[in-house]
Amino acid sequence: MTVSIYDTLTRSQREFVPQQPGEVKMYVCGPTVYDYIHIGNARPIIFFDVVRRYLESQGYHVNYIVNFTDVDDKLIRKAEQLGMTVPAVAERYITAFNEDISRLGVHKATKNPRVTEHMDDIIAFVAELVEQGYAYPSEGDVYFRTEKFEEYGKLSHQNLDELQHGIRIEVGERKQSVQDFVLWKGAKPGEIYWESPWGPGRPGWHIECSAMARTYLGDTLDIHGGGHDLQFPHHECEVAQSESLTGHPLANYWMHNGYIHINNEKMSKSLGNGITVKDLLERVRSRAVRYFMLAAHYRSPLNFSDETVAQAENSVDRISNCEANLRHRLESLGTDAAVPNEPAAWRQEAADSELNNRLAAIRSQYHAKMGDDFNTPDAITALFELVSASNYYLQREVAAAEDLQALLGLLYEMDEVLGLLPSQSIDDGLQDEEVERLIEERTAVRQAKNWARADEIRDLLSSKGIVLEDTPQGLRWRRK
């Protein structure tokens, strides 16, 4: 299946061709771990998880690197506020990050490198830039000579004159030019620091990603991703320092997701309208959060509101009910309906030729949309075509196990990438096997006329959103 990607650098959509057949080098900028992640952070986390999953589903081995910025001004201020060390603050919020992404059904990256673990790589990178004349020390700091890199601004499609007032760096007398950006910051009294050829200090924001990307993935990445707000200055500065040093493109494809608005206003600290993932997951299921993030094209802005979240909740219910109905019907036929470890294990043709043709068309539609710059909203449309086909088939009095397995197999194949079924998350509180065990226990205690325990189990299942239903094929359960 051909995959094409819209490349921010060239402002064009091109067929994806990795440098090495079957191998993908992918780097996505991770969080600065001084607080809980908010829903703006969650969008790239979820979207690039889907990109990685889809490429893997197409047979690629993806070396997926997401960094942690575990030392910077925000961490130093937070440590002072909490009376903790910078490493302790970072550890607290890295743990929280991992808990949040687990609840969101996000697969862990191949590696999450930390800035503090790569000081030697960063210092060596800066030293090479100084040696080649692209950077200069100044009173304990080290700055990059922006004017020496003639293509500065090519990623954001601006020139130096347009950029000089927008660079998010410290402007002071130590710099030779206003556009120059900091690579190494001399330590202030009482700050955490590392020894370097230019004195005690720590890295600037931009250099860390260039150094860690080079350490794990080499001079040129296949895909570099992040939020739209990172396009400038962060990624622009990465391009300048990396390409000056190596003489090679930093990335062959640049991908940037759009902003999130809250009730039609841009999310910002000044407006006080930020929502952390931790707080959001107290009232919204993780599958609904994933659905909300994927229901619009990744390059488009997203508007978060109670209405859009409610729509997402209803949509994931339709999908999970479809899975539950198919599994229950299969079980009534005496067929194992356990969720497969490998979706490919369930892929088969339907016995019904008309159904088989429809499934082939849905699969083709799904892959065409995912291959078209990871068009998740249209891929979800294909998923609902499958839900409709399943519901139509389930209305028949007689259903063949092969046909039910074909329907369920395609559902699992698509969801292995999208991650919208209960098996992809832990937010429902009970895993499938736990639900089955409790239902078996409830049946046994009811037969023993232990009504108190039966009521306890019923109330527990209800509190976890598990609905029990009597059907012509026997008792079934589904997630509310």
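Counting begins at 1 with the first residue of the sequence.
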Inset, instruction - Measure from the side-chain N and O atoms of Glu15 to the backbone N and O of Val3, and report whether any donor-acceptor pair falls under 3.5 Å. - result: no
Inset, instruction - Take Tyr298 and Phe374 through the test ring-ring contact (aromatic ring centres under 6.0 Å, His included) and record every step on the way to the result. - result: CA-CA 8 Å; Tyr298 77 92; Phe374 307 99; 7.2 Å; no
Inset, instruction - Please check if atom OH in Tyr193 has more than 12 non-hydrogen atoms from other residues, nucleotides or ligands closer than 6.0 Å. - result: no
Inset, instruction - Examine distances only and state if a side-chain atom of Asp141 and a backbone atom of Gly186 form a donor-acceptor pair shorter than 3.5 Å. - result: yes
Legend entry - Ion pair Arg214/Glu128, N-O distance below 4.0 Å: yes
Legend entry - Pair Arg52 + Glu56, salt bridge at N-O below 4.0 Å: yes
Inset, instruction - Measure the shortest side-chain to side-chain distance between Asp73 and Arg202 over non-hydrogen atoms and say whether it is less than 4.5 angstrom. - result: yes
Inset, instruction - Would you check if there is a donor-acceptor pair between the side chains of His297 and Tyr6 at a distance under 3.5 Å? - result: no
Legend entry - Min side-chain heavy-atom separation Val126-Trp198 under 4.5 Å: yes
Legend entry - Heavy-atom donor-acceptor pair, Thr8 side chain to Trp254 backbone, under 3.5 Å: yes
Legend entry - Considering all heavy atoms, the nearest Met293-Ala42 contact: CE-CB, 3.9 Å
Legend entry - Separation of Leu326 CG from Leu408 CG (nearest 0.5 Å): 5.5 Å
Inset, instruction - Using the side-chain contact (heavy atoms from CB on, under 4.5 Å) rule, take His367 and Glu413 through it: C-alpha gap first, then chi angles, then the decisive distance, then the call. - result: CA-CA 11 Å; His367 285 293; Glu413 177 185 330; 3.1 Å; yes
Legend entry - Ser177 versus Gln179, side-chain donor and acceptor atoms under 3.5 Å: yes
Legend entry - Sidechain N-carboxylate O distance under 4.0 Å for Asp317, Arg285: yes
Inset, instruction - State which residue, out of Phe232, Trp184, Phe181, fulfils the ring-ring contact (aromatic ring centres under 6.0 Å, His included) condition with His206. - result: Phe181
Inset, instruction - Give a yes or no on whether the backbone of Arg174 and the side-chain of Glu139 come within a donor-acceptor separation of less than 3.5 Å. - result: no
Inset, instruction - Give, for atom CG of Leu250 and atom CD of Gln241, the distance between the pair rounded to the nearest 0.5 Å. - result: 8.5 Å
Inset, instruction - Indicate whether any N or O donor in one side chain lies under 3.5 Å from an N or O acceptor in the other, for Asp372 and Asn375. - result: no
Inset, instruction - Mark yes or no: Lys78 above the aromatic ring of Tyr34, with NZ or CZ under 6.0 Å from the six-membered ring centre and no more than 45 degrees from the axis. - result: no
Legend entry - Glu191 with Lys185: basic N within carboxylate O range, under 4.0 Å: no
Legend entry - Check: Pro87 and Asp70 side chains under 4.5 Å, non-hydrogen atoms: no
Inset, instruction - Ignoring hydrogens and angles, tell me if any N or O in the side chain of Arg290 forms a donor-acceptor pair with the backbone of Leu418 under 3.5 Å. - result: yes
Legend entry - Polar contact flag, side-chain donor to acceptor under 3.5 angstrom, Asn63-Glu23: no
Legend entry - Asn67 side chain near Glu208 side chain, heavy-atom distance below 4.5 Å: yes
Inset, instruction - Could you go through the side-chain contact (heavy atoms from CB on, under 4.5 Å) check for Ile319 and Arg287 one step at a time? - result: CA-CA 10 Å; Ile319 298 166; Arg287 293 179 290 123; over 6 Å; no
Inset, instruction - Look at atom CD of Glu282 and say whether more than 12 heavy atoms of other residues, nucleotides or ligands are closer to it than 6.0 Å. - result: yes
Legend entry - Within 6.0 Å of CG in Asp120, more than 12 heavy atoms from elsewhere: no
Legend entry - Pair Asp180 + Lys175, salt bridge at N-O below 4.0 Å: no
Legend entry - Ring geometry between Tyr259 and His228 (parallel below 30°, tilted from 30 to 60°, perpendicular above 60°): perpendicular
Legend entry - Residues Tyr291 and Gln311: side-chain donor-acceptor under 3.5 angstrom: no
Inset, instruction - Mark yes when over 12 heavy atoms from residues, nucleotides or ligands other than Lys154 sit less than 6.0 Å from its NZ; otherwise mark no. - result: yes
Inset, instruction - Return yes if some donor-acceptor pair links the side-chain N/O of Gln19 with the main-chain N/O of Thr220 below 3.5 Å, else return no. - result: yes
Legend entry - Inter-residue atom distance Phe47.CZ - Leu302.CG, 0.5 Å rounding: 11.5 Å
Inset, instruction - Drop me the distance from Ile39's CD1 to Leu104's CG, to the nearest 0.5 angstrom. - result: 11.5 Å
Inset, instruction - Please check if the distance between the ring centroids of Phe292 and Phe304 is under 6.0 Å. - result: yes
Inset, instruction - Indicate yes or no for a side-chain donor-acceptor contact from Asn41 to the backbone of His38 under 3.5 Å, with no hydrogens or angles considered. - result: yes
Legend entry - Any side-chain donor near an acceptor of the partner, Gln20 and His61, under 3.5 Å: no
Inset, instruction - Take Lys25 and Asp219, measure what salt bridge (charged side-chain N to carboxylate O under 4.0 Å, His left out) needs, and give me the verdict at the end. - result: CA-CA 11 Å; Lys25 299 176 180 180; Asp219 290 347; over 6 Å; no
Legend entry - Result of checking Ile5, Asp373, Asp7, Asn252 against Phe16 for side chain to side chain contact (heavy atoms under 4.5 Å, CB included): Ile5
Legend entry - Flag side-chain contact, heavy atom, 4.5 Å: Ser244 against Phe144: yes
Inset, instruction - Please tell me if the side chains of Asp100 and Ile45 come closer than 4.5 Å, counting only heavy atoms from C-beta onward. - result: no
Legend entry - Asp49 (side chain) donor-acceptor with Val106 (main chain) under 3.5 angstrom: no
Legend entry - Closest non-hydrogen atom pair, Ile122 against Ala211: CG1-CB, 3.7 Å
Legend entry - Under 3.5 Å: donor-acceptor pair, side chain of Ser286, backbone of Arg103: yes
Legend entry - Trace of the side-chain contact (heavy atoms from CB on, under 4.5 Å) decision for Tyr64 with Arg53: CA-CA 10 Å; Tyr64 183 44; Arg53 289 188 191 205; over 6 Å; no
Inset, instruction - For the pair Tyr412 and Glu323, evaluate side-chain contact (heavy atoms from CB on, under 4.5 Å) and give the outcome as yes or no after the intermediate values. - result: CA-CA 9 Å; Tyr412 287 143; Glu323 180 202 22; 2.9 Å; yes
Inset, instruction - Working to the nearest 0.5 Å, report the span between CG of Leu383 and CE of Met414. - result: 4.5 Å
Inset, instruction - To the nearest 0.5 Å, tell me how far Ser156 OG sits from Leu230 CG. - result: 12.5 Å
Inset, instruction - Indicate yes or no for a side-chain donor-acceptor contact from Ser102 to the backbone of Asn98 under 3.5 Å, with no hydrogens or angles considered. - result: no
